[in-house]
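What you see below is based on every heavy atom in this structure, not just the backbone, and it leaves out hydrogens, waters and symmetry mates. Just so you know, ligand 1 is whichever comes first in the structure, and atom 1 is the first atom listed for that ligand.
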Amino acid sequence: MPTTLKITPPLEGVLCITLNRPEALNALNTQLLGELADTLNSADCDDNVRAVVITGSAKAFAAGADINEMAERDLVGMLEDPRQHHWATITRFRKPIIAAVNGYALGGGCELAMHADIIIAGESALFGQPEINLGIMPGAGGTQRLLRAVGKSLATQMVLTGEPISARRALEAGLISEITQPELTLERAMTIATRIAAKAPLAVRLARESLHKAMDTDLATGLRFERHAFTLLAGTADREEGIRAFQEKRPATFQGH
Ligand code: HXC
């Protein structure tokens with residue numbers, strides 16, 4: 001049973017995970033990352049879970065890696081660091097993740113938010129990569145995903161000065177897709193996740209994979225993947241159901257095959 005997370009059982013296909021280390025602004029220690037990785041691993045094989053929402057508290061989504069824990073590890077410790085394994089597990093998760101962010105999303109917290117497919121933030125949220133202030137640099141995607149999301153100039157400014165950006169700036173830059181009042185962030189993320197969870201699971205999986213290809217391959221390879229995935233879906237019962245439901249003017253009921 002996780003102690004650093006609150007997990008609500010899947011409702012309408014959506015699993016909601018709340019980071020819960022209030023005493024450390026949800027700093028990502030080994031235990032929290034391990035529990036998150038284990039939860040996502042189980043959710044990956046659970047047909048009742050079609051999308052996941054990850055959130056934190058009103059004050060912090062997560063204030064980064066746990067600095068006190070980092071202080072205990074030297075170079076050798078870093079090379080065998082179980083946290084790297086947990087990050088890799090989180091990265092491999094195959095279903096849509098929506099991050100509902102309020103307060104601080106700093107360092108590893110910003111990187112965790114960027115693992116999500118969609119980020120919704122409250123208007124007081126702050127996104128930043130302050131590692132440079134500790135004499136280090138981002139290590140879980142904070143240079144790679146951030147640059148792809150906001151472009152070279154802003155990513156470089158954030159990583160080299162360590163100064164965070166507001167939710168408004170994050171919206172303009174394309175890091176997040178919507179701003180809400182803080183008390184409505186989770187509700188909005190759940191609404192989006194519930195909508196996604198009702199779609200044909202194979203179509204969601206392949207569309208998401210195809211979107212990911214846009215981040216890490218050249219255009220021709222991405223287009224080839226897209227065409228291949230599109231063709232694969234042509235053989236599914238859910239495609240037949242989606243088209244028939246449209247013609248019969250009723251909502252589609254997708255079965256996942
Ligand atoms: C451990 C942390 C923490 C952290 C906050 N706390 N952030 N503990 N690791 N990352 C603890 C504080 O020590 C304090 O505990 C309690 O949470 C409340 O924090 P305060 O500092 O008192 O709150 P406040 O004054 O409101 O300031 C909030 C803050 C500040 C601006 C977010 O806490 C801060 O700068 N935190 C560090 C942010 C950071 O540098 N993140 C990057 C980490 S490196 P006590 O016991 O004193 O009450 C990283 C690398 C990722 O993320 C690499 C991935 C591979």
Margin query: Suppose I only count heavy atoms of L134 and a 4.0 Å limit; which atoms of ligand 1 are within that range?
Written below: 43 (C), 44 (S)
Checklist line | Side chain T236, main chain L232, donor-acceptor under 3.5 Å | finding: no
Check: Would atom 13 (O) of ligand 1 count as contacted, meaning some protein heavy atom under 4.0 Å?
Finding: no
Check: Considering only heavy atoms, which of A65, A27, A60 lies nearest to atom 43 (C) of ligand 1?
Finding: A65
Notebook entry, point to check: Any non-hydrogen protein atom below 4.0 Å of atom 20 (P) of ligand 1?
Noted result: no
Next item on the list: Calculate, to the nearest 0.5 Å, the distance between atoms OH and SG belonging to Y104 and C110 respectively.
Entry: 14.5 Å
Check: Got a salt bridge between E12 and R50, using NZ or NE/NH1/NH2 to carboxylate O under 4.0 Å?
Finding: no
Notebook entry, point to check: Hey, which atoms in ligand 1 end up nearer than 4.0 Å to a heavy atom of P130?
Noted result: 39 (C), 40 (O), 41 (N), 42 (C)
Margin query: I'd like the name of whichever of A63, G64, G107 reaches closest to atom 39 (C) of ligand 1 through any heavy atom.
Written below: A63
Next item on the list: With heavy atoms of G108 as the reference, note each atom of ligand 1 found under 4.0 Å away.
Entry: 49 (C), 51 (C), 52 (O)
Check: Which protein heavy atom lies closest to atom 9 (N) of ligand 1, and at what distance to 0.1 Å?
Finding: I67 N, 2.9 Å
Margin query: I'd like to check atom 46 (O) of ligand 1 in this structure: does the protein have a heavy atom lying under 4.0 Å from it?
Written below: no
Next item on the list: Rounded to the nearest 0.5 Å, what's the gap from CD on Q31 to OG1 on T4? Could you check?
Entry: 5.0 Å
Note to self: Between R21 and E23, does any NZ, NE, NH1 or NH2 come within less than 4.0 Å of an OD or OE carboxylate oxygen?
What the structure shows: yes
Note to self: Heavy atoms only: which of Q84, E23, E69 lies closest to atom 15 (O) of ligand 1?
What the structure shows: E23
Checklist line | Protein heavy-atom partner closest to atom 6 (N) of ligand 1 - residue, atom, separation in Å | finding: A24 O, 3.8 Å
Next item on the list: Please work out which of R83, K59, M137 has its closest non-hydrogen atom nearest to atom 24 (P) of ligand 1.
Entry: K59
Check: Do we see a donor-acceptor contact under 3.5 Å between the side chains of T18 and T55?
Finding: no
Next item on the list: Looking only at protein heavy atoms, identify the closest one to atom 35 (O) of ligand 1 and say how far it is in Å.
Entry: L106 CD1, 4.9 Å
Next item on the list: Distance to 0.1 Å, residue and atom name: give those for the protein heavy atom nearest to atom 33 (O) of ligand 1.
Entry: L25 CD1, 3.8 Å
Check: G139 heavy atoms, cut-off 4.0 Å: which ligand 1 atoms fall inside?
Finding: 55 (C)
Note to self: Minimum heavy-atom separation for G122 and N102, please, with both atom names.
What the structure shows: CA-OD1, 3.1 Å
Check: Hey, is R244 close enough to E240 for a salt bridge, meaning N to O under 4.0 Å?
Finding: yes
Next item on the list: Please check if the side chain of K6 supplies one atom and the backbone of L19 the other of a donor-acceptor pair under 3.5 Å.
Entry: no
Checklist line | Sole residue of L15, I97, T39, L5 in side-chain contact (heavy atoms from CB on, under 4.5 Å) with I54 | finding: I97
Notebook entry, point to check: atom 27 (O) of ligand 1: which protein heavy atom is closest, and how many Å away?
Noted result: Y104 OH, 4.2 Å
Notebook entry, point to check: Got a salt bridge between K213 and E226, using NZ or NE/NH1/NH2 to carboxylate O under 4.0 Å?
Noted result: no
Next item on the list: Please indicate, with yes or no, if any protein heavy atom is found under 4.0 Å from atom 54 (C) of ligand 1?
Entry: yes
